[in-house]
Amino acid sequence: LSRLEPVVARMNRVSREKDERDLAICAMRANGWSYGEIGEKIGCGKNAAIGTVRRVRRDDLKHSGEPAAIVEAEYEPKGQD
C-alpha cells in the first residue's frame, strides 16, 4: 500500500489542478472574457474553454439544488447584453 501513496498523491494534485483551471475558465467567462481570450490565456483551445464552461454549468445545474435561472445567470458574462 505504501508504494501507491505517491501515485495517489499525484492523482489528487492533478485533479485539484484541473479543478482550479476549470474554475478559472468559468470565472473568466463570467467576467466577460471571450472564449478565444480564455483559451489564449489558459493555454487551451477556444472549444476546450467552451466545453469546460458547459460541463461545469451542467454539473452545477444537476447537483446544486438551486433554480436553473440562478445557476445559469452565474455563468453569463457580467455587463454583457
Shortest non-hydrogen contact between A49 and I25, atoms and distance | O-CG2, 3.9 Å
May I ask you to say whether R16 pairs ionically with E20, meaning some side-chain N is under 4.0 Å from a carboxylate O?
-> yes
Can you name the residues that form a salt bridge (Lys or Arg N to Asp or Glu O under 4.0 Å) with R54, not counting sequence neighbours?
->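 Once residues adjacent in sequence are excluded, R54 has no partner under the salt bridge (Lys or Arg N to Asp or Glu O under 4.0 Å) criterion.
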Show every donor-acceptor pair shorter than 3.5 Å between a side-chain atom in residues 35-48 and any protein atom, with sequence neighbours excluded, or say none if there are none.
{"residue": "Y35", "atom": "OH", "partner": "R29", "partner atom": "NE", "Å": "3.4"}
{"residue": "E37", "atom": "OE1", "partner": "S34", "partner atom": "N", "Å": "2.8"}
{"residue": "E37", "atom": "OE1", "partner": "S34", "partner atom": "OG", "Å": "3.4"}

Side-chain contact, heavy-atom cut-off 4.5 Å: L61 with E72?
->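 A side-chain contact under 4.5 Å exists here.
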Working to the nearest 0.5 Å, report the span between CD1 of I50 and CZ of R55.
-> 14.0 Å
Between OG1 of T52 and NZ of K18, what distance do you get to the nearest 0.5 Å?
-> 6.0 Å
Determine yes or no for a side-chain-to-main-chain donor-acceptor pair under 3.5 angstrom, with S64 supplying the side chain and D60 the backbone.
->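 Such a contact is found between S64 side chain and D60 backbone.
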